[in-house]
Amino acid sequence: IELGPGIETQLDYGRVGRHYDEQGGRNRVVWGFCGILVHSRLPYLEFVYTQQQQEFADSVVKMLHFYRGVTEFLSIDNLKAGVIKPDLWDPQINRTLAEVAEYYGTFINPCRVGRSTDKAKVERFIPVARELFRMLKHLHPSAGLAELNRLALQWCTEDYGRREHGTTGVPPMEAFQREQGELKKLPEQRFEVPVWQEVPVHGGDQFFSFQKKRFSMPRAYRGKKVWVRYVKPLLRVYWQEQGVREYVMNGQQKLYWVAEDFPEAVREMMNGGYPAYLLGKAQVYGQAAAALIGSVLRPHAYLNARRAQGMLELMEKHHREWYFEEVCGRARARLVKIPSTFRRMLEAQAQKTVVQGQLPLSEVGRQMVRDIRYYVN
């Protein structure tokens, strides 16, 4: 079906061969990203190693700037990088590609599953792209992928574009010069392709991971999944289409967190001041308690922090009792560092107090009390 100028661009991938990746140090499969302006038949060709969503969207942006304009719609295959859920009436478009289409004012038209005739013009170009890759690789054996792409675009305009097309009877470049006036104008600024990814927030530590870095979230998002959008250096976090957090990333930092996301104890631990925080809590219960916690934290504060925390929980329960300071002093003198031992000392003292309170001495009983020397003599 022939369409008027500026109406449709057809897109597709095709495997074209293998190439040695100097950066990765191995041979890799190469795919040809192909685009065809349906009216003029002018092709766009780019050799890539992957078909991931960001690379796919980036190739689309490069193609639009190569044509210096945008058609009414782009017909694509149902690959995962473009279409998350194929459906004849309501396809779910990948977020990154959807942003590209919205920015450039075009419409994404997923073809029917298994119907190659819906984009037959670009399908017929795939074997041509494969032969071109083999020819360029043979003529330029030491060329990298970037150099092969430059030569491929040069071939599209100066070789393929100057030859009379077998169907239209007009050289694609000649037809393109007429079609270009019908294309939608590009925005002034080039679109920066974002990375969209759905990530789970860990139910324990409230962090999610993205590109080998970790980011904190408020307590309410534990165990939930959020969407992140990254365009260097800004990372935005979305929950149910609403922006909830922003981070500015740099190349060195691995951990990003907001203090208000965590309780005070956790904040102090992450800041490296947890021992001081524990000593501060102990001072609320008096000097004897602070001295005991200080002895527990020596000599390795972080190794003994959990023991100190357990003892603080016992202090919270017993600090109002009259025997509290006495037991803290005895525990420090005995170098007690285990919470269970400290608990038994407190409970023993509390039980002794109860027993003394249950058996008060009467006046007659006091008269019967003798000093130990009475029995010695």
With a 4.5 Å cut-off on side-chain heavy-atom distances among I, L, V, M, F, W and Y, is there a chain of contacts connecting V201 to V195?
yes
Would you name the heavy atoms of V193 and A57 that are closest together and state the gap between them?
CG1-CB, 3.7 Å
Would you call the rings of Y238 and W196 parallel, tilted or perpendicular, taking 30° and 60° as the class edges?
tilted
Locate the shortest heavy-atom distance separating H19 from A143; write the atom from each residue and the value.
NE2-O, 3.1 Å
Give a yes or no on this: more than 12 heavy atoms of other residues, nucleotides or ligands lie within 6.0 Å of atom CD of Q211.
yes
Do K281 and E316 meet the salt-bridge criterion of a basic N to acidic O distance under 4.0 Å?
no
What are the two closest heavy atoms between S59 and V48, and how far apart are they?
OG-CG1, 4.1 Å
Please work out whether the ring planes of Y44 and Y67 are parallel, tilted or perpendicular, with thresholds of 30° and 60°.
perpendicular
Between L278 and A308, the two heavy atoms sitting closest are CD1-CB, 4.0 Å
Counting only heavy atoms not in R320, do more than 12 sit closer than 6.0 Å to its CZ atom?
no
Could you give me the CA-CA distance, side-chain angles and deciding distance for M63 and F33, then say whether side-chain contact (heavy atoms from CB on, under 4.5 Å) is met?
CA-CA 10 Å; M63 180 194 69; F33 172 86; 4.3 Å; yes
Flag side-chain contact, heavy atom, 4.5 Å: W227 against V237
no
Residues, nucleotides or ligands: over 12 heavy atoms within 6.0 Å of E22 CD:
no
Minimal heavy-atom distance between N250 and K213, with the atoms involved, is O-NZ, 3.3 Å
Could you check whether E347 pairs with R343 (Lys NZ or Arg NE/NH1/NH2 to Asp/Glu carboxylate O, under 4.0 Å)?
yes
Within the side chain of T106, is there an N or O that forms a donor-acceptor pair under 3.5 Å with the backbone of E102?
no
Charged N to carboxylate O under 4.0 angstrom, D12 versus K119?
yes
Compare all side-chain heavy atoms of K225 with those of V199 and state whether any distance is below 4.5 angstrom.
no
Is a donor from one side chain sitting under 3.5 angstrom from an acceptor on the other, for Q53 and N94?
yes
Test your reading of the model: is there a side-chain donor-acceptor pair from Y104 to the backbone of F191, 3.5 Å cut-off?
yes
Kindly give the heavy-atom pair with the smallest separation between E8 and S75, and that separation in Å.
OE2-OG, 2.6 Å
Any salt bridge between R214 and D205, counting N to O under 4.0 Å?
yes
For side-chain contact (heavy atoms from CB on, under 4.5 Å), just list the numbers for L183 and V70, CA-CA rounded to whole Å, side-chain angles, deciding distance to a tenth of an Å, and then say yes or no.
CA-CA 5 Å; L183 298 177; V70 189; 5.9 Å; no
With sequence neighbours left out, the residues meeting side-chain hydrogen bond (donor to acceptor under 3.5 Å, both in side chains) with H319 are none
Could you please spell out the steps behind the side chain to side chain donor-acceptor pair (under 3.5 Å) verdict for R330 and Q349?
CA-CA 11 Å; R330 284 194 281 117; Q349 188 64 38; 3.2 Å; yes
Can you tell if the side chain of C328 reaches within under 4.5 Å of the side chain of F342, non-hydrogen atoms only?
yes
Looking only at the side chains, is there a donor atom on one of S216 and Q206 sitting less than 3.5 Å from an acceptor on the other?
no
My understanding is that a hydrophobic cluster links ILVMFWY residues whose side chain heavy atoms are under 4.5 Å apart, including indirect links. Using that, what else belongs to the cluster containing L234?
V248
May I ask you to decide whether R162 forms a salt bridge with E174, counting only side-chain N to carboxylate O separations under 4.0 Å?
no
Could you give me the CA-CA distance, side-chain angles and deciding distance for K184 and E72, then say whether salt bridge (charged side-chain N to carboxylate O under 4.0 Å, His left out) is met?
CA-CA 8 Å; K184 294 181 180 179; E72 293 291 338; 3.5 Å; yes
Evaluate ring-ring contact (aromatic ring centres under 6.0 Å, His included) for Y256 paired with F207, printing each intermediate quantity in order.
CA-CA 9 Å; Y256 299 80; F207 281 82; over 10 Å; no
Please test E179 against R68 for salt bridge (charged side-chain N to carboxylate O under 4.0 Å, His left out), starting from the C-alpha separation and ending with a verdict.
CA-CA 11 Å; E179 183 178 19; R68 301 189 298 279; over 6 Å; no
Given side chains that start at C-beta, do those of T71 and I7 come closer than 4.5 Å, heavy atoms only?
no
Between E246 and R236, does at least one N-O distance fall below 4.0 Å, as a salt bridge requires?
yes
Are I126 and Y13 connected into the same hydrophobic cluster when the rule is that any two of I, L, V, M, F, W, Y join if their side-chain heavy atoms are below 4.5 Å apart?
no
Side-chain contact, heavy-atom cut-off 4.5 Å: D21 with N27?
no
Could you identify which residues cluster with L145, counting Ile, Leu, Val, Met, Phe, Trp and Tyr as linked when any side-chain heavy atoms lie under 4.5 Å apart, either directly or through a chain of such contacts?
V16, V30, I36, L45, F47, Y49, V122, F125, V128, L132, F133, M135, L136, L139, L148, L151, W155, Y160
Plane angle bin for W239 and Y221 - parallel if under 30°, tilted between 30 and 60°, otherwise perpendicular
perpendicular
Quick one: does S209's side chain get under 4.5 Å of H202's, heavy atoms only?
no
Can you tell whether the side chains of K137 and E147 come within less than 4.0 Å, N to carboxylate O?
no
Give a yes or no on whether K224 atom NZ has more than 12 heavy-atom contacts from other residues, nucleotides or ligands under 6.0 Å away.
yes
From T50 OG1 over to E55 CD, what is the distance, rounded to the nearest 0.5 angstrom?
3.5 Å
Can you confirm whether R190 sits close enough to K62 that some side-chain heavy atom of one is under 4.5 Å from a side-chain heavy atom of the other?
yes
Would you mind reporting whether V226 and E198 have side-chain heavy atoms less than 4.5 Å apart?
no
